[in-house]
Structure formats: structure tokens, C-alpha cells
Amino acid sequence: MEVRFLGHACFELIDGDTTVLIDPFLTGNPKAAIAAEDAAATTIVLTHGHADHVGDVSAIAKRTGAPVVAITELAGELGEEGLDVRDPNMGGTVKFDWGWVKIVPAWHTSTTPKGTYNTPAGVLINFQDTVVYHLGDTCVFSDLQLVGKRAPIDVALMCIGGHYTMDRVDAVDAAELVGAKTVIPCHYNTFPPIETDAQAFKSDVESATRSNVAILEPGESHTP
Ligand code: NI
Ligand code: MN
């Protein structure tokens with residue numbers, strides 16, 4: 001399988017014809033690697049309701065027929081638009097033929113483009129036996145260390161841009177708590193308030209923890 005970065009917090013987990021698409025913000029994303037019309041998805045997973053995460057979910061889900069996994073209230077809102085949704089809450093797991101998605105905490109806020117409030121999350125995904133943890137938007141908090149107790153984390157997709165999330169310094173502590181084999185930074189350099197030095201994050205993580213950091217440009221992939 002491969003983990004492909006599509007810009008900002010959007011990733012694809014790909015294995016043959018199976019594609020799990022996470023936080024598909026492509027239209028209006030200055031760093032988007034592809035157009036929304038070209039996105040493939042057999043399942044879509046959302047961390048929270050902010051526009052830079054739900055993005056093109058409706059158009060892509062309607063075009064592909066992919067089910068959308070999101071926390072209960074966000075899933076409910078998308079279900080009213082006619083999308084095929086799965087609506088777990090914190091700690092809940094949804095199973096697919098390719099693996100499973102578990103909803104875990106994140107410390108952030110969440111308002112959808114329609115103005116409704118809901119709870120933000122991270123997502124732990126077992127994709128063809130590779131465990132990927134997308135932290136969503138979050139600050140550092142001690143319970144990050146609990147997520148990997150369910151399954152050792154191969155790849156952590158981690159926000160480092162600051163301002164709306166933890167910055168690259170706090171993210172070093174987050175990397176230590178998560179304990180993934182590989183950390184892929186995201187949610188930085190998309191807009192001026194979240195510009196940061198990913199190379200400095202990489203060297204700090206690799207000197208302070210046992211994790212490796214893979215910096216991906218939009219469109220690039222990592223194979224665990
Ligand atoms: Ni957000
Ligand atoms: Mn965000």
C-alpha cells in the first residue's frame with residue numbers, strides 16, 4: 001500500500017483499486033495535488049467539519065458512491081445531503097472489507113460550512129494491515145499516547161503548522177507520545193499563518209524520538 005499526500009491535510013491510502021480518501025479539501029486548496037473531479041475513493045474518512053477538511057466530500061462521494069465515515073453529528077448532516085454515511089462516535093470502530101476506522105479524540109473545534117457545531121476527532125485506520133493515524137487538527141495532549149495501544153502505529157499523519165493546530169515544536173512531543181514508525185507532517189505552508197520549517201521538525205523528531213519523518217510534497221507518496 002502507499003500513503004499519498006494530496007496537500008494540506010488530505011491523504012489517500014491506496015492498494016490496487018482500493019482508495020481511502022481522508023479530508024478531501026482540494027477545491028480552493030492552493031497546494032492541492034489533484035482536482036476534486038480526478039479524486040478516486042472507495043471510502044472517504046473525515047476528521048472534522050471545518051471547510052479545509054470536509055472540502056469536496058459531497059461532490060466526490062456523490063460521484064464515486066463511496067461511503068463517508070465521520071463522527072455522529074457530522075455524519076448526520078452529510079447524510080441529510082444524501083451521502084452514504086457511517087456515524088461512529090469517540091472510541092467507535094467501523095469495519096470494511098479492507099480494514100477498519102476508529103474515531104479517537106483530538107483537541108480542536110469544529111464548525112461545518114453550514115454553521116453547525118460538532119466534535120473534532122482523529123482517526124486510526126487499519127488499511128490492509130498497515131495502521132495509519134491521522135491526528136486531525138489538534139494541540140498536543142497526553143492522551144495521544146493511548147491511541148497506539150490498540151495497534152502499533154506504522155504511519156502518523158501529523159499537523160505541524162501552528163496557529164490553528166499545534167506547531168512544529170509541540171508536534172515533536174506529539175510524535176514522542178504517538179510513537180509511530182514514520183511521521184508525515186501536514187497542515188503547514190498551505191496559507192501564510194501556518195508556514196513552518198518541516199526540515200527542522202524532521203531533525204528535531206529524529207534526534208528526540210525513535211520515529212522517522214517523511215516529508216512529502218503534494219502528490220508524493222510514502223510506502224510503509
Ligand atoms: Ni480545523
Ligand atoms: Mn484545519
Side-chain angles (χ1 to χ4, degrees), residues 3-13 20-34 36 39 41 44-61 68-78 87-90 101 103-125 132-141 143-144 147 155-171 174-175 178 183-198 201 215-218:
V3 179
R4 184 177 179 218
F5 182 43
L6 296 183
H8 197 55
C10 180
F11 288 87
E12 289 175 315
L13 313 180
V20 175
L21 179 64
I22 309 167
D23 284 359
F25 167 51
L26 298 167
T27 303
N29 174 356
K31 296 295 176 86
I34 62 172
I44 302 171
V45 178
L46 299 179
T47 61
H48 65 293
H50 281 150
D52 61 317
H53 297 262
V54 298
D56 301 288
V57 66
S58 292
I60 297 170
V68 179
V69 182
I71 198 164
T72 314
E73 289 74 17
L74 179 56
E77 182 171 311
L78 295 169
D87 67 344
N89 211 312
M90 286 298 171
V101 180
I103 302 287
V104 298
W107 263 107
H108 189 61
T109 63
S110 181
T111 313
T112 70
K114 289 183 175 171
T116 60
Y117 295 95
N118 45 76
T119 304
V123 289
L124 185 68
I125 302 175
V132 178
Y133 174 24
H134 193 309
L135 276 72
D137 285 359
T138 191
C139 59
V140 64
F141 63 109
D143 286 357
L144 292 172
V147 176
V155 181
L157 311 175
M158 187 173 294
C159 51
I160 66 164
H163 194 84
Y164 301 112
T165 69
M166 61 187 173
D167 61 19
R168 68 172 179 83
V169 177
D170 284 352
V178 169
V183 175
I184 299 175
C186 66
H187 213 279
Y188 69 96
N189 290 0
T190 319
F191 310 108
I194 60 172
E195 284 175 4
T196 197
D197 183 346
F201 171 72
I215 297 173
L216 301 182
E217 293 300 319

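These numbers come from the heavy atoms of this one structure, side chains and all, not from hydrogens, waters or symmetry mates. Whatever order the structure lists them in is the order used to number ligands and atoms, beginning at 1. Given the structure is predicted, the values throughout are model-derived calculations rather than measurements.
Atom CG of D137 and atom CG of D23 lie 7.5 Å apart (nearest 0.5 Å). If you take CE on M166 and NE2 on H187, they are separated by 10.5 Å, rounding to the nearest 0.5 Å.
Counting only distance, with no hydrogens or angles, the side chain of K31 and the backbone of P218 share no donor-acceptor pair below 3.5 Å.
For H53, every N, O or S atom stays at 2.8 Å or more from the Ni ion (ligand 1). Taking 2.8 Å as the criterion, C159 does not count as a coordinating residue of the Mn ion (ligand 2), since none of its N, O or S atoms falls below it. At least one N/O/S atom of D137, whether from backbone or side chain, sits less than 2.8 Å from the Ni ion (ligand 1). In summary, H187 places an N/O/S atom under 2.8 Å from the Mn ion (ligand 2), meeting the contact criterion.
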From CA spacing to verdict: side chain to side chain donor-acceptor pair (under 3.5 Å), T112, E77: CA-CA 9 Å; T112 70; E77 182 171 311; 2.9 Å; yes
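Here the N, O or S atom of D52 that is nearest to the Mn ion (ligand 2) is OD2. Among the heteroatoms counted here (N, O or S) of D137, OD2 is the one nearest to the Mn ion (ligand 2). Looking at H50 and the Ni ion (ligand 1) together, the shortest N, O or S contact belongs to ND1.
For H8 and F191, the gap between ring centers is short of 6.0 Å.
Taking the six-membered ring where tryptophan is involved, the planes of H134 and F11 are perpendicular, since the angle between them exceeds 60° and thus also 30°.
Atoms NE2 of H48 and NE2 of H108, as seen from the Ni ion (ligand 1), are separated by an angle of 100°, to the nearest 10°.
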